2 protein chains.
Amino acid sequence: MAPTLDTVFSALADPTRRAILQMLLEDDMAVTDVAEPFEMSLAAISKHLAVLTNAGLITQEKRGRVKWCMLEPDALKSASVWMQGFGQFEPVNLDAFEAFLERELGGEPS
Amino acid sequence: MAPTLDTVFSALADPTRRAILQMLLEDDMAVTDVAEPFEMSLAAISKHLAVLTNAGLITQEKRGRVKWCMLEPDALKSASVWMQGFGQFEPVNLDAFEAFLERELGGEPS
DNA sequence: TCCATATTCAACCATCTGGTTGACGATTGC
DNA sequence: GCAATCGTCAACCAGATGGTTGAATATGGA
């Protein structure tokens, strides 16, 4: 099913899950490696990963014995768009946005 | 206490609360008026408003017998900044933002 | 084949969440 | 003063959430 704002925001509401997303920002990871820094069981992490998958925030792919977790950044799009609806009051991170543009577009020419 | 990403995201995870925020985008409102379009008790709405207040997303101010609810758009900032950390993959989508505004705000009765 | 590794499943538990109802305190208007 | 309005509080409930443990299922390697 298509992830909803409900599932995306509630997935983001948990600090463990946000930490996982940040780890995956660096690189794809196996489930066991995702779990390593946390002081909770592998099963708990497995559940968190299921929540993130359900929200469309990550995808998982089994290669051999290992299941890899990969960030799916598009999933943040709908949530981000929703939040920007409030930007008319507080120009949402124009700074961050401009920094992004500069990084992304500034390096592109040629 | 200062609102955390936890409280902000979990406040946003409920559709009733997101709808309330969108209503407040138009104008400040009394609690009773906020509750009017919803098919649930005033007490339930009162709780939702408490959650939004706790997340720093709205402020409430009692004037006489009536308690007014006002949007506090700054509160979305931290959450928005967090999300933009993933923007290196998916830039803020201005088209989608404009579409959102048109859909949510532009559809005013002629 | 047999064992170790990787991950999930199932059952269970405590706590949180979102709703209800009814009583209550505060404020206003007659 | 008294009644009506505004909103919250308290108690309660069902279901979701986040964790545990132990067993089960794949897969890979010796």
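Naming convention: chains lettered A, B, ... in sequence-line order (proteins, then strands); numbering from 1 in each chain. No hydrogens, no waters, no symmetry mates; every other heavy atom, side chains included, goes into these values. If you're wondering where the values come from, they're calculated on a predicted model, not measured in any experiment.
- The CD atom of A/Glu39 sits 16 Å away from the C1' atom of D/dG18 (whole-angstrom rounding).
- Here CD1 of A/Ile20 is found 4.5 Å from CD1 of A/Ile45. Values are rounded to the nearest 0.5 Å.
- Looking at heavy-atom distances under 4.0 Å, A/Ala43 makes contact with a base.
- Listed for the A/Arg17 side chain is no donor-acceptor partner under 3.5 Å among the backbone atoms of A/His48.
- Along DNA chain D, the nucleotide nearest to A/Lys47 and the one nearest to B/Trp68 differ in position, and the one closer to the 5' end is contacted by B/Trp68.
- Regarding B/Asp14, its CG atom lies at a distance of 12 Å from the P atom of D/dT17, rounded to whole Å.
- The interatomic distance linking A/Asp6 (CG) with D/dT17 (C1') rounds to 15 Å, in whole Å.
- Nearest-nucleotide mapping onto DNA chain C: of B/Met40 and A/Leu42, the residue sitting toward the 5' end is A/Leu42.
- Nearest-nucleotide assignment on DNA chain D puts the 5′-proximal partner with A/Ser10, out of A/Gly64 and A/Ser10.
- We find that CD of B/Glu61 is positioned 18 Å from P of D/dC6, with the value rounded to whole Å.
- In terms of phosphate contacts, A/Arg17 brings a side-chain nitrogen or oxygen within less than 4.0 Å of OP1 or OP2 of D/dG18.
- One N or O on the side chain of B/Ser10 and one on the backbone of B/Asp6 form a donor-acceptor pair closer than 3.5 Å.
- Formation of a donor-acceptor pair under 3.5 Å by the B/Thr53 side chain with backbone atoms of B/Leu49 is found in this model.
- Atom pair A/Asn54:CG and D/dA16:P shows a separation of 14 Å (rounding to whole Å applied).
- At least one side-chain heavy atom of B/Arg63 sits under 4.5 Å from a side-chain heavy atom of B/Glu61.
- If you measure from atom CZ of A/Phe9 to atom P of D/dT17, you get 17 Å, rounded to the nearest angstrom.
- Under the 4.5 Å side-chain contact rule for hydrophobic residues, A/Leu24 and A/Trp68 do not share a cluster.
- Bracketed by its first and final contacts, the part of DNA chain C lying under 4.0 Å from non-hydrogen atoms of chain B reaches from C/dG18 to C/dT28 in 5' to 3' order.
- The separation between A/Leu52 atom CG and D/dT17 atom C1' is 14 Å, rounded to whole Å.
- Between the base of D/dG7 and the side chain of B/Lys62 there is no donor-acceptor pair shorter than 3.5 Å.
- Note on B/Met83 and A/Leu5: same hydrophobic cluster, where clusters join Ile, Leu, Val, Met, Phe, Trp and Tyr whose side-chain heavy atoms are under 4.5 Å apart, directly or indirectly.
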